[in-house]
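These notes concern the structure reproduced below.
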2 protein chains.
Amino acid sequence: MTVAKPPMRDALVAAAFRLFLERGYEQTTVDDIVTLAGVGRRSFFRYFPSKEDVVFPDHERCLADMTEFLARGGDEHDPVTRVCDAARLVLRMYAENPTFSVQRYRLTKKVPGLRTYELSVVWRYERALAEYLRRRFAGRPDGTLRADVIAAAVVAAHNNGLRSWLRSDGESDASAEVDHALAHVQRTFTPGAGPEPAQDVEDVVVLVSRRGAPMWRVVQEIEATLDRRTD
Amino acid sequence: MTVAKPPMRDALVAAAFRLFLERGYEQTTVDDIVTLAGVGRRSFFRYFPSKEDVVFPDHERCLADMTEFLARGGDEHDPVTRVCDAARLVLRMYAENPTFSVQRYRLTKKVPGLRTYELSVVWRYERALAEYLRRRFAGRPDGTLRADVIAAAVVAAHNNGLRSWLRSDGESDASAEVDHALAHVQRTFTPGAGPEPAQDVEDVVVLVSRRGAPMWRVVQEIEATLDRRTD
DNA sequence: GAACCGGACGGCACTGAGTTCCCCGACCAC
DNA sequence: GTGGTCGGGGAACTCAGTGCCGTCCGGTTC
C-alpha cells in the first residue's frame with residue numbers, strides 16, 4: 001500500500017532496539033525512545049499502535065503478503081503444500097535480516113509481554129492458513145477440524161525450524177531447517193506423495209509391515225515406496 | 001495448594017463479570033469492580049496480577065493440574081493418548097461451569113485484548129504437552145519436532161471441539177465433540193492402535209491400496225485392520 | 001504576491017492499569 | 001500491656017495510550 005516508507009519509522013525502530021538491547025525492554029520507556037530518535041512522543045504512536053509493535057515492525061506487512069498469497073489462486077496445488085509455501089513466506093521475512101531476527105528472538109525470550117504479543121501475531125498467521133484450508137476442505141467430513149489441525153501443525157513445524165535457526169544465531173541453514181520440518185508435516189498429512197500421480201506406474205502399492213511397528217515408520221515406508229514409484 | 005478459597009476472590013470475579021456483561025470489558029475500570037465488590041483497589045491486584053486475569057480465574061489451577069498429571073507416571077500408556085487425556089482436563093474445567101464458560105467465550109470473542117491473553121494461556125498448555133512429549137520422544141529422530149507438532153495438533157483439535165460446544169451455548173455434548181476431534185488426531189499420529197500389542201496374533205499386516213488414495217484413508221485402513229487383529 | 005488548505009508533526013493534558021510505600025486494625029504470643 | 005505479623009485499605013507515583021489542538025510546510029488558487 002505505502003510505496004515510500006517514511007524514514008521516521010525506521011529511525012524509531014533503530015532507536016528502540018538500541019535502548020532495548022542496552023537496558024532492556026521494560027526498562028525503556030516510550031519517552032526514552034522518542035527522545036533518542038529526536039521526535040515527538042505523539043509521533044511514535046502514529047507509526048506503532050503500541051510499544052510492542054515496534055519490536056515486530058514488518059509482521060503486518062508479511063501477514064498481508066500471506067493472505068494475498070493464499071487468496072489468489074493456487075487451488076490447482078495440493079492444499080497442504082500450499083500452506084507450507086505460505087509459511088515459508090514468514091521464514092523469508094526472518095531470513096532477510098538475520099541479526100535483527102536473532103536480537104528480537106533474544107528479546108522475546110526474556111520478556112513475557114513480548115512473548116504474548118508474538119503469540120497473537122503467530123495466531124493470525126495460523127488463522128490465515130486455517131481459513132484457506134477450510135475453504136479447500138469445504139464439504140469434506142471434518143473439514144474444519146482437519147483445517148485447524150493442519151494449520152496448527154504447519155505453524156508448529158515452521159516455528160520449530162525457525163527457532164532452531166534462531167538459536168544457532170543465524171549460522172545454520174534456515175531454509176533447510178524449515179524445509180525439513182515442513183516435510184515432516186507434509187508426510188503426515190498429504191494424501192499421496194508425488195506432485196502429480198504419474199500415469200504409467202502401477203496402480204497398487206503393497207505394504208508389508210511387522211505388527212506393532214511405529215506408525216511413523218509405516219508412513220515413512222509408504223512415502224518412500226510412492227516416491228520410488230513416481231521416479 | 002490453597003485449600004480454602006477466599007470469598008473475596010469470588011466476590012471480585014462475580015462483580016467483574018456483572019459489569020463486563022452489562023457494559024463491556026473495556027468500559028469497565030478496575031475501580032468500578034472494586035467499588036461494586038466493596039473492597040479496596042489494592043486488594044484486586046493482590047488476587048489478580050492483571051485485569052485480564054479476573055476473566056480466567058481457574059486456568060492457573062488447571063495448568064498446575066495438567067502439569068502434575070503429565071509429571072506423575074503415565075509412561076506405560078501411549079504418549080499421544082496421554083496428552084489427549086491431559087487436554088480433556090481442560091475441557092472438564094470448562095464443562096464444570098457451562099454458563100460461565102459461554103459468557104467468557106462471548107467476551108473473549110469481542111475483546112482483542114482478552115483473545116491475546118487467552119492465547120498466552122493456551123500456549124502454556126501447549127508447552128506443557130510438548131515438554132511431556134519431548135521427554136517421551138527423547139532420542140527418536142525428529143523427537144522435538146514430532147513433540148511440538150503433536151502438541152499443537154492436540155491443542156487445535158481440543159479447541160475446535162471446545163469452540164463448537166461453546167458456540168452451541170453449552171447445549172451440545174462437550175465431551176463427544178472433543179472426543180471426536182481428539183480421535184481424529186490420535187488416528188493421525190498414534191503408532192499402532194491397540195493399547196498393548198497382543199502376543200498371539202499374526203505378526204504381519206498386508207495392506208493393499210489404490211495408488212493415489214488419500215493418506216488419511218490409508219492410515220484409517222491400517223488402524224481398522226490392526227483393531228480387527230487385536231480383538 | 002496573499003489567502004487557502006491538507007497532511008505531517010509536536011505539545012499537552014487526560015484516563016486507566018499496575019506498583020510502591022505506608023497505614024491501620026485484628027489477632028496471637030508472651 | 002508490648003511486640004509481632006498478617007490481611008486489607010489507601011494515597012501517590014509511573015507509564016502506556018488517547019484526544020485535542022496548535023504549528024509548520026508544501027502546493028494550490030485567485
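All chains are named by letter (A, B, ...) in the order of the sequence lines, taking the proteins before the strands, and each is independently numbered beginning at 1. Values in this document were obtained by computation on a predicted structure and should not be read as measured data.
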(message) What verdict does the ring-ring contact (aromatic ring centres under 6.0 Å, His included) test give for A/Phe17 and A/Phe100, after you've listed the backbone C-alpha separation in whole Å, the side-chain angles of each residue and the deciding distance to 0.1 Å?
(response) CA-CA 9 Å; A/Phe17 266 80; A/Phe100 179 76; 4.7 Å; yes

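- Judged by distance alone, with hydrogens and angles left aside, the side-chain atoms of B/Arg136 form no donor-acceptor pair with the main-chain N or O of B/Gly143 at under 3.5 Å.
- A donor-acceptor distance shorter than 3.5 angstrom exists from the side chain of A/Thr108 to the backbone of A/Tyr105, with no hydrogens or angles considered.
- Inter-axis angle, ends of the helix from C/dG1-D/dC30 to C/dC30-D/dG1, five pairs per end, rounded to 10 degrees: 10°.
- Under the salt bridge (charged side-chain N to carboxylate O under 4.0 Å, His left out) criterion, A/Glu22 pairs with no residue at all, not counting sequence neighbours.
- Contact check of residues 11-21 of chain A against DNA chain C (heavy atom, cut-off under 4.0 Å) returns no residues at all.
- Judged as a salt bridge (charged side-chain N to carboxylate O under 4.0 Å, His left out), the pairs with a partner in residues 117-130 of chain A (not counting sequence neighbours) are, in order, A/Glu60-A/Arg124, A/Arg127-A/Glu131, A/Arg127-A/Asp148.
- Judged as a salt bridge (charged side-chain N to carboxylate O under 4.0 Å, His left out), and not counting sequence neighbours, the contacts of B/Glu68 are B/Arg72.
- Among pairs with a residue in residues 113-133 of chain B, those fulfilling ring-ring contact (aromatic ring centres under 6.0 Å, His included) read B/Phe56-B/Tyr117, B/His59-B/Tyr125, at least two apart in sequence or across chains.
- Residue pairs meeting the ring-ring contact (aromatic ring centres under 6.0 Å, His included) criterion with at least one partner in residues 25-44 of chain B, sequence neighbours excluded, are B/Phe20-B/Tyr25, B/Phe44-B/Phe48.
- Residue pairs that meet the salt bridge (charged side-chain N to carboxylate O under 4.0 Å, His left out) test with at least one member in residues 85-104 of chain B, sequence neighbours left out, are B/Asp58-B/Arg104, B/Asp85-B/Arg88, B/Arg88-B/Asp179, B/Arg92-B/Glu96.
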Close N/O contacts between protein and nucleotides 16-18 of chain D (under 3.5 Å):
residue	atom	partner	partner atom	Å
D/dA16	OP1	A/Lys51	NZ	3.4
D/dA16	OP2	A/Val30	N	3.2
D/dA16	N7	A/Arg41	NH2	3.4
D/dG17	OP2	A/Lys51	N	2.6
D/dG17	N7	A/Arg41	NH2	2.4

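- Sorted by first and then second residue, the ring-ring contact (aromatic ring centres under 6.0 Å, His included) pairs with a member in residues 135-180 of chain A form an empty list; sequence neighbours excluded.
- Nucleotides of DNA chain C with any atom under 4.0 Å from a heavy atom of chain B span, from 5' to 3', C/dG16 to C/dC21.
- Side-chain contact between A/Leu162 and A/Glu177 is absent, with no heavy-atom pair separated by less than 4.5 Å.
- Sorted by first then second residue, the salt bridge (charged side-chain N to carboxylate O under 4.0 Å, His left out) pairs that include residues 35-55 of chain A, not counting sequence neighbours, are A/Asp31-A/Arg41.
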